[in-house]
Amino acid sequence: MRVVLGVSGGIAAYKAASLLRRFTESGHDVTVVPTEAALQFVGAPTWAALSGHPVATDVWTAVDRVPHVRIGQDADLVVVAPATADLLAKAATGQAGDLLTATLLTARCPVVFAPAMHTEMWLHPATQANVATLRSRGAHVIEPSSGRLTGADTGPGRLPEPEDLYAACLAVVAAADPAVRAEAAGDDPHGDVRGDLRGVRVLVTAGGTREALDPVRYLGNRSSGKQGVALAQVAAARGAEVTLVACNLSAAVGGSGSGGAIRVVPVESALDLQAAVTTACADVDVVVMCAAVADFRPKHYVETKIKKTHAADGSDDSAPVIELVRNPDILAGLVVGRGAAARPIIVGFAAETGDETGSVVELARVKLARKGCDLLVANEVGATKTFGEDTNTVHLLFADGRPVVTVGPATKSDVAAAVWDGIQVLLPAAH
Ligand code: C5P
């Protein structure tokens with residue numbers, strides 16, 4: 001794949017040289033576009049020698065080849081690492097004063113920014129607003145790592161390690177375009193991405209539970225099951241053996257592409273789901289808990305339809321009180337049940353809106369720690385977002401500290417592909 005590596009002027013520019021090596025060693029063709037400031041940290045000869053391509057910062061070099069347009073147009077991926085506060089501001093406001101910013105305006109491929117700066121600059125509302133603007137336009141802004149910064153100070157703002165950036169870039173490309181994924185697979189020494197889950201046994205839960213009140217009524221939720229079905233279908237198409245525990249799906253499971261059949265286990269309530277998952281999880285490598293599980297169920301199930309009562313005087317304003325009890329947290333139970341074993345890899349989902357106590361990613365990080373799973377997929381939800389919709393924005397948070405991968409707005413199939421790419425990174429360690 002043709003990669004443009006943008007490098008802006010921060011001390012972490014030295015790490016971009018390793019990222020460049022990671023791409024070229026995997027057979028990708030990389031054009032480095034540094035800013036003038038980046039050259040203060042790492043010089044043009046380094047970029048030219050490592051990439052095998054000439055390097056320019058301005059739009060006037062080799063102008064007969066119109067580089068300020070062509071480089072961006074020809075790219076399959078643009079990754080800016082490190083992305084400084086200044087570069088993010090220029091990109092968010094559509095400036096085009098040098099070759100890198102012009103390239104960002106002409107690129108129509110996935111664009112990844114890996115910010116690196118001091119914590120104060122990263123957390124400043126101006127920077128956060130620029131990040132939000134870039135994300136709203138479809139760019140992928142990777143959360144910086146926390147840790148040692150340039151001096152003795154520590155905090156969020158570190159550029160993630162090159163290996164993690166590389167994995168995040170591949171996940172973003174895979175989510176964006178299956179054709180590019182295939183191309184990337186051709187370049188990838190690990191081989192065929194489409195069959196990359198062959199032999200892997202996975203359990204996916206999808207839909208929303210229904211907690212019965214009486215034979216005709218239940219407490220339910222709005223989950224359509226589309227995302228879980230997409231996860232099952234993508235896994236099957238990539239060669240996995242898939243069991244889908246289906247909670248009251250409104251989406252059809254349908255075929256499984258070129259992969260094997262999906263075994264569907266229909267369930268209704270959280271307790272049914274728990275029984276099905278507990279039985280199946282002994283024989284799987286991965287459990288993806290995508291289903292929306294009710295946290296509470298009616299304490300008593302009424303065997304016959306609950307009726308309105310009428311007082312002797314004919315008044316009819318009384319209403320039954322429904323007492324609820326907590327359902328087990330199935331996901332957290334799976335983690336406890338696994339104990340010290342390496343398998344299965346356990347993936348949770350979290351629907352988050354963000355609130356005054358934190359952003360979607362911050363709240364999800366707390367939930368990841370509380371649930372103890374290996375990967376948490378945080379879904380941005382709101383009144384008009386996600387439920388029953390065909391597109392979705394998610395953040396992938398890894399328990400092992402890899403950088404957050406943001407995907408979307410993307411179709412639920414593309415989100416599913418990115419989730420499996422994330423899981424795949426974790427799989428070798430668990431085998
Ligand atoms: O705590 P919260 O409901 O936000 O967590 C969502 C995640 O936990 C999902 O992966 C969901 O499938 C799982 N869950 C569960 N059992 C519950 C509630 C949620 O397994 N009772």
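Ligands are counted one by one from 1 in listed order, and the atoms in each one are counted from 1 as well. Numbers for residues simply follow the sequence, beginning at 1. Basis for what follows: all heavy atoms, side chains included, without hydrogens, waters or symmetry-related copies.
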K.L.:
Can you confirm if the aromatic rings of F23 and Y166 lie within a centre distance of less than 6.0 Å?
P.N.:
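Y166 vs F23: aromatic centres under 6.0 Å.
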K.L.:
Using the side chain to side chain contact (heavy atoms under 4.5 Å, CB included) rule, pick out the option among L231, V242, L375, L244 that qualifies with V288.
P.N.:
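Between V288 and the candidates, side chain to side chain contact (heavy atoms under 4.5 Å, CB included) is satisfied uniquely by L231.
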K.L.:
Suppose we screen for ring-ring contact (aromatic ring centres under 6.0 Å, His included). Which residues come up paired with F349, at least two apart in sequence or across chains?
P.N.:
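Not a single residue meets the ring-ring contact (aromatic ring centres under 6.0 Å, His included) criterion with F349.
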K.L.:
Taking only heavy atoms of the protein into account, state which residues are under 4.0 angstrom from an atom of ligand 1, in chain and number order.
P.N.:
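M289, A291, V293, A294, D295, P328, D329, I330, L331, G348, F349, K367, K371.
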K.L.:
Quickly, which of V3, V4, V7 forms a side chain to side chain contact (heavy atoms under 4.5 Å, CB included) with V32? Name it, please.
P.N.:
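For V32, the side chain to side chain contact (heavy atoms under 4.5 Å, CB included) check succeeds only for V7.
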K.L.:
In a check of side chain to side chain contact (heavy atoms under 4.5 Å, CB included) between D329 and each of K371, M289, Q274, which one passes?
P.N.:
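By the side chain to side chain contact (heavy atoms under 4.5 Å, CB included) criterion, D329 pairs with just one of K371, M289, Q274: K371.
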K.L.:
Considering only heavy atoms from C-beta outward, does the side chain of E380 approach that of H395 to under 4.5 Å?
P.N.:
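Yes, their side chains come closer than 4.5 Å.
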